[in-house]
Amino acid sequence: MEPIIAIVLALIGYALGSAKLINQGNEALVERLGRYHRKLKPGLNFIVPLVDQIVMEDTTREQVLDIKPQNVITKDGIYLEVDAILYWRIRDIEKSFYAIDDLQGGLSQLATTTLREIIAQNTLEETNISRSDMDRAILDLLNPVTGEWGVEILRLDIQSINPPESVRRSMEEERAAEIKKRALISEAEGERQAAIKKAEGTKTSMQIIGEALRSHPESREILRYLVAQDYVEASQKLGESNNAKIVFVDPANSTEMFQELIAESVTHESNNKNTGNSVT
């Protein structure tokens, strides 16, 4: 009876020693007598105790590698502090274990070197503008190398690019000058549009007054009164200023001059119409 119990206990111990449970999202490597034998997939797996050995179990899910801030010099000779994050995933766990000794250390060093190389090919302005282009260029350089390690680089995000304080001040001053320039251009354009509108309004007013004088000659007296009233108001406003020089103008004479100008305008307009009718 005792030998049977011993055999049962041995079988139970063998079963417990040979059963290996691999979690979802992970894979494991098994060596038999010191040489690579096979991979273990997620779920319940069995190995030969004392002969087989699990040498590695790692995740095949996406992982994040924080690249420490690096001092990089641009094409135009400006030192930058660049901070980035690398997203990667194991595609072949066998290569990731046997092809390189320190996988994360190798990824960090390779990403840092490549990042410096790409930034050194661009000026400060190009570096700030074309981050997405730099990310793609870095991936194109990284993946051929990391593919030999069984790793795929999914993306590299440049979190921050910090130039020296003097360069930052210069960039802020340049942006402020550009904003001021755009504001002045907008203001000048607004004044130009206002002047055009005012000139168009004056032209329309002159046409209306000329038409009224041509149709109703008795309106001249009303016009004389209005012009004289404008001169009086203008003189009063000039008199309110201590530094203003007051110039007195005869409203009657100025009104006659104004009427002559309008009459000439009306006559010129009538001649143009008559000429047009004659041509027709």
Side-chain angles (χ1 to χ4, degrees), residues 19-47 49 51-75 78-122 124 126-164:
K20 298 297 179 182
L21 185 64
I22 305 300
N23 295 326
Q24 182 67 38
N26 288 4
E27 288 185 352
L29 292 179
V30 176
E31 288 184 353
R32 174 167 290 180
L33 300 177
R35 299 187 65 179
Y36 170 73
H37 178 54
R38 65 189 178 99
K39 297 178 187 177
L40 300 183
K41 299 295 184 179
L44 183 61
N45 298 268
F46 293 93
I47 62 174
V51 176
D52 293 341
Q53 181 183 5
I54 295 179
V55 294
M56 177 191 182
E57 180 178 347
D58 205 345
T59 180
T60 57
R61 292 168 290 185
E62 182 175 333
Q63 301 185 61
V64 179
L65 179 62
D66 186 11
I67 300 176
K68 296 180 180 180
Q70 302 292 321
N71 292 322
V72 186
I73 185 170
T74 63
K75 184 178 179 180
I78 297 177
Y79 285 90
L80 302 176
E81 186 181 73
V82 181
D83 188 12
I85 291 182
L86 187 71
Y87 296 86
W88 60 284
R89 173 181 293 168
I90 293 178
R91 291 298 185 186
D92 189 335
I93 194 171
E94 180 184 352
K95 288 183 178 180
S96 70
F97 183 72
Y98 291 107
I100 184 170
D101 182 45
D102 183 2
L103 179 59
Q104 291 202 10
L107 290 174
S108 178
Q109 293 297 325
L110 180 63
T112 300
T113 303
T114 307
L115 183 63
R116 288 178 174 176
E117 179 182 349
I118 293 297
I119 291 181
Q121 298 174 3
N122 295 272
L124 175 61
E126 292 169 346
T127 301
N128 286 322
I129 293 176
S130 57
R131 291 194 187 185
S132 59
D133 295 336
M134 287 196 302
D135 291 345
R136 287 192 295 270
I138 291 172
L139 291 183
D140 292 340
L141 292 175
L142 288 178
N143 275 313
V145 178
T146 59
E148 299 295 326
W149 301 343
V151 171
E152 179 187 7
I153 305 299
L154 302 177
R155 62 188 180 278
L156 185 141
D157 292 341
I158 299 177
Q159 290 188 305
S160 62
I161 298 178
N162 299 318

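All values below come from the heavy atoms of this structure, side chains included, with hydrogens, waters and symmetry mates left out.
- Here the CZ-CG distance, from Arg38 to Leu29, works out to 11.0 Å after rounding to the nearest 0.5 Å.
- Nearest approach of Gly25 to Pro42, heavy atoms of both residues: N-CG, 4.1 Å.
- Separating the OH atom in Tyr79 from the CD1 atom in Ile73 is a distance of 4.0 Å, to the nearest 0.5 Å.
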Candidate pair Val145 and Thr114, rule side-chain contact (heavy atoms from CB on, under 4.5 Å), full reasoning: CA-CA 11 Å; Val145 178; Thr114 307; over 6 Å; no
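- With rounding to the nearest 0.5 angstrom, the OG1 atom of Thr113 is 12.0 Å from the CD1 atom of Ile118.
- A salt bridge links Glu27 with Lys41: the distance from a Lys NZ or Arg NE/NH1/NH2 to an Asp or Glu carboxylate oxygen falls below 4.0 Å.
- Atoms CG and CD1, on Asn45 and Ile22 in that order, are 5.5 Å from each other to the nearest 0.5 Å.
- A donor-acceptor pair shorter than 3.5 Å cannot be found between the side chains of Arg89 and Gln63.
- A donor-acceptor pair is defined here as one N or O able to donate and one able to accept, closer than 3.5 Å; such a pair exists between the side chain of Asp92 and the backbone of Glu94.
- In this structure, the side chains of Val82 and Leu115 come closer than 4.5 Å at one or more pairs of heavy atoms.
- Residues Pro144 and Leu139 come closest through the heavy atom pair CD-O, 4.3 Å.
- When side chains are defined from C-beta on, Leu154 counts as touching Glu62, because their heavy atoms get closer than 4.5 Å.
- Between Lys20 and Ile54, the shortest heavy-atom distance links the atoms CG-CD1, 3.6 Å.
- No more than 12 heavy atoms of other residues, nucleotides or ligands shown are found within 6.0 angstrom of CG on Asp101.
- Ile158 has its side chain within reach of Asp135: a pair of non-hydrogen atoms, C-beta onward, lies under 4.5 Å apart.
- Inter-residue side-chain proximity for Leu86 and Ile153 is flagged as met; some heavy-atom pair is nearer than 4.5 Å.
- Between Asp83 and Ile67, the closest heavy-atom pair is OD1-O, 3.0 Å.
- Atom OH of Tyr87 is separated from atom CG of Leu156 by 9.5 Å, given to the nearest 0.5 angstrom.
- Side chains of Trp149 and Leu110 form a contact here, defined as non-hydrogen atoms less than 4.5 Å apart.
- Between Glu152 and Arg91 there is a salt bridge, since a side-chain N of the basic residue sits under 4.0 Å from a carboxylate O of the acidic one.
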Chi angles and distances behind the side-chain contact (heavy atoms from CB on, under 4.5 Å) call for Ile90, Ile93: CA-CA 6 Å; Ile90 293 178; Ile93 194 171; 4.2 Å; yes
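- The nearest pair of heavy atoms linking Met56 to Ser96 is CE-OG, 3.9 Å.
- Nearest heavy atom pair, residue Pro69 against residue Glu81, reads CB-CG, 3.8 Å.
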Residue pair Asn26, Thr60: steps toward the side-chain contact (heavy atoms from CB on, under 4.5 Å) verdict: CA-CA 6 Å; Asn26 288 4; Thr60 57; over 6 Å; no
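- Checked by atom type and distance alone, the side chain of Thr146 pairs as donor or acceptor with a backbone atom of Leu142 at under 3.5 Å.
- Taking 4.5 Å as the limit, every side-chain heavy atom of Asn122 sits out of range of all side-chain heavy atoms of Thr74.
- Panel note: side chain Gln70, backbone Lys68; a donor-acceptor pair is recorded below 3.5 Å.
- Counting only heavy atoms from C-beta outward, the side chains of Leu107 and Trp88 approach each other to under 4.5 Å.
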Derivation and outcome, side-chain contact (heavy atoms from CB on, under 4.5 Å), residues Asp52 and Phe46: CA-CA 10 Å; Asp52 293 341; Phe46 293 93; over 6 Å; no
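- Interatomic distance, CG of Asp58 versus CG of Leu103, reported as 8.0 Å (0.5 Å rounding).
- Checked for salt-bridge contact, Glu57 and Lys39 miss the test: no charged N lies under 4.0 Å from a carboxylate O.
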